[in-house]
Amino acid sequence: YLGGEEIAGTKMKSTSGWKQDGNGTNESGFSGLPGGYRGSYGTFGYIDGYGYWWSSTEYSTSDAWYRDLGYDDGNVVRTSLNKEDGFSVRCLRD
């Protein structure tokens with residue numbers, strides 16, 4: 001639908017708010033913003049450069065899948081991380 005992981009990120013990013021002109025086209029309507037993350041020890045990082053969103057799918061009992069977008073390319077990445085870290089969530093209405 002969005003052309004694959006290598007270019008879908010550009011279509012998912014908002015048209016403003018990303019550092020170093022890393023804005024997207026928002027063709028998907030997702031309007032992804034670079035909210036960064038909160039680490040398990042309470043530190044925050046990458047605000048304005050990266051957006052991370054949890055999936056509702058577990059990878060294991062301690063980890064879950066997430067997707068991320070970055071200012072520096074058009075990729076959308078899928079990987080897993082410990083659930084103690086803090087990422088954004090997107091709520092959808094039925």
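In this structure, Tyr46 is a member of the same hydrophobic cluster as Tyr71, with clusters built from ILVMFWY side-chain heavy atoms closer than 4.5 Å. Linking ILVMFWY residues whenever their side-chain heavy atoms come closer than 4.5 Å, directly or via other members, places Trp18 and Leu2 in the same cluster. Under a hydrophobic clustering in which Ile, Leu, Val, Met, Phe, Trp and Tyr are joined whenever their side-chain heavy atoms come within less than 4.5 Å, directly or via other members, Leu69 and Ile7 fall into different clusters.
Here the CG-CG distance, from Leu33 to Asn23, works out to 9.5 Å after rounding to the nearest 0.5 Å. A distance of 10.5 Å separates OG in Ser31 from CE in Met12, rounded to the nearest 0.5 Å. Summarising the geometry, atom CG belonging to Asp85 is positioned 10.0 Å from atom OH belonging to Tyr41; distances are rounded to the nearest 0.5 Å. Interatomic distance, Asp63 CG to Glu84 CD, rounded to the nearest 0.5 Å: 9.5 Å. Taking CD of Glu27 as the reference point, atom OG1 of Thr10 lies at 9.0 Å (rounded to 0.5 Å).
In summary, the side chains of Tyr50 and Asp72 do present a donor paired with an acceptor at a separation below 3.5 Å, with no hydrogens or angles considered.
Of the possible polar contacts, none joining the Lys11 side chain to the Gly74 backbone as a donor-acceptor pair under 3.5 Å is found.
When the options Phe30, Trp65, Tyr37, Tyr66 are evaluated for a ring pair (Phe, Tyr, Trp, His ring centres under 6.0 Å) with Trp53, the one that passes is Phe30.
Between Asn82 and Ser62, some side-chain heavy-atom pair lies under the 4.5 Å cut-off. Using a 4.5 Å heavy-atom cutoff, the side chains of Val76 and Glu5 are in contact. Side chains of Phe87 and Leu81 form a contact here, defined as non-hydrogen atoms less than 4.5 Å apart.
Contact detail for Pro34 and Gly17: the closest heavy-atom pair is CG-O, 3.3 Å.
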